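To keep things clear, I will list the structure first and then write my remarks on it.
Since we're looking at a predicted model, the values are computed, not measured. All residue numbers refer to positions in the sequence shown, counting from 1.
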Amino acid sequence: MSNSPHRSASEADGYAPTLKRLNQISRLLDNAITIPGTQVGIGLDPILGLIPVGGDVLGVMLSIYIIIESARMGVSRASLSRMVVNIIIDSLIGAVPMLGDFFDFAWTANNYNIKLLEDYLKSPGEKKKADQGFIIALFAGLLLLAIVLIALPVILIRLLWNALTGS
């Protein structure tokens with residue numbers, strides 16, 4: 001860390017190593033590989049989304065890590081809620097066959113969540129830290145989302161199979 005008076009709040013509070021790790025995870029999930037000749041990146045999240053049933057769940061689980069670490073840093077309820085909404089949008093629309101795969105390339109929820117985290121760390125005293133009950137409810141909701149992401153494709157496949165076989 002530098003002794004400069006212009007240090008960021010994340011460095012001053014000792015969050016720089018965690019923030020660096022979260023940035024690396026976000027980059028891996030959302031835009032690890034840049035398409036040559038463009039500024040468009042492809043990450044692990046949209047690639048995992050191509051795996052039937054479990055791919056989207058795995059992507060959500062990796063994205064939740066950013067929220068867990070943000071909660072440990074004391075991020076506010078409002079910021080954590082927005083992070084969860086980003087993941088919900090990413091996972092629910094991403095679970096739709098074909099459309100979801102294209103959406104996953106464009107919607108970079110993890111990058112948005114890192115931006116929310118960085119914005120919070122710039123002025124942490126201005127926002128109230130989330131309480132433990134809220135965080136538990138938040139993760140219960142994310143667990144429910146993961147269950148829905150597993151059940152939804154199974155139900156759709158079963159309905160499609162029944163329609164095709166006439167059962």
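- Cluster membership for Ile51 and Phe102, using ILVMFWY side-chain heavy atoms within less than 4.5 angstrom, is not shared.
- A donor-acceptor pair under 3.5 Å is absent between the side-chain atoms of Tyr112 and the main chain of Asn86, judged by distance alone.
- When only modelled atom types and interatomic distance are considered, Asn110 and Ser63 share a side-chain donor-acceptor pair under 3.5 Å.
- Minimum heavy-atom separation, Leu80 to Ala71: CD2-N, 3.9 Å.
- Across all non-hydrogen atoms, the minimal contact from Asn113 to Arg82 is OD1-O, 4.3 Å.
- Under the 4.5 Å side-chain contact rule for hydrophobic residues, Ile25 and Ile68 share a cluster.
- Residues Ile66 and Ser26 have side chains in contact (heavy-atom distance under 4.5 Å, counting atoms from C-beta outward).
- Annotation: the span from Leu121 atom CG to Leu116 atom CG amounts to 11.0 Å, rounded to 0.5 Å.
- Annotation: side chain of Leu22 is in contact with side chain of Leu117 (closest heavy-atom distance under 4.5 Å).
- Atom CG of Leu44 sits about 6.0 Å away from atom CG of Leu29, to the nearest 0.5 Å.
- Within the 3.5 Å criterion, the main-chain N or O of Val75 finds no donor-acceptor partner in the side chain of Ser79.
- Linking ILVMFWY residues whenever their side-chain heavy atoms come closer than 4.5 Å, directly or via other members, leaves Val84 and Ile93 in distinct clusters.
- The distance from atom CG of Asn31 to atom CG of Asn111, rounded to the nearest 0.5 Å, is 5.0 Å.
- Side-chain contact between Val60 and Ile87 is present, with at least one heavy-atom pair separated by less than 4.5 Å.
- Qualifying salt bridge (charged side-chain N to carboxylate O under 4.0 Å, His left out) partners for Arg21, counting only residues two or more places apart in sequence or in other chains: Glu69.
- Residues forming a side-chain contact (heavy atoms from CB on, under 4.5 Å) with Glu118 (at least two apart in sequence, or on another chain): Leu19, Asn23, Ile114.
- For the residue pair Tyr120 and Ser76, the shortest heavy atom distance occurs at CE1-N, 3.6 Å.
- By the salt bridge (charged side-chain N to carboxylate O under 4.0 Å, His left out) test, Lys20 pairs with no residue at all, sequence neighbours left out.
- Between Leu48 and Asp56, every side-chain heavy-atom pair lies at or beyond the 4.5 Å cut-off.
- A distance of 9.0 Å separates CD1 in Ile33 from CZ in Arg27, rounded to the nearest 0.5 Å.
- Residues Phe103 and Phe105 do not share a hydrophobic cluster, clusters being chains of Ile/Leu/Val/Met/Phe/Trp/Tyr side chains in contact below 4.5 Å.
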Inset, instruction - Take Thr18 and Met73 through the test side chain to side chain contact (heavy atoms under 4.5 Å, CB included) and record every step on the way to the result. - result: CA-CA 9 Å; Thr18 302; Met73 292 174 158; 3.2 Å; yes
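- When side chains are defined from C-beta on, Leu28 does not count as touching Gln24, because their heavy atoms never get closer than 4.5 Å.
- Looking at Asp30 and Trp107, their side chains never come closer than 4.5 Å, going by heavy atoms from C-beta outward.
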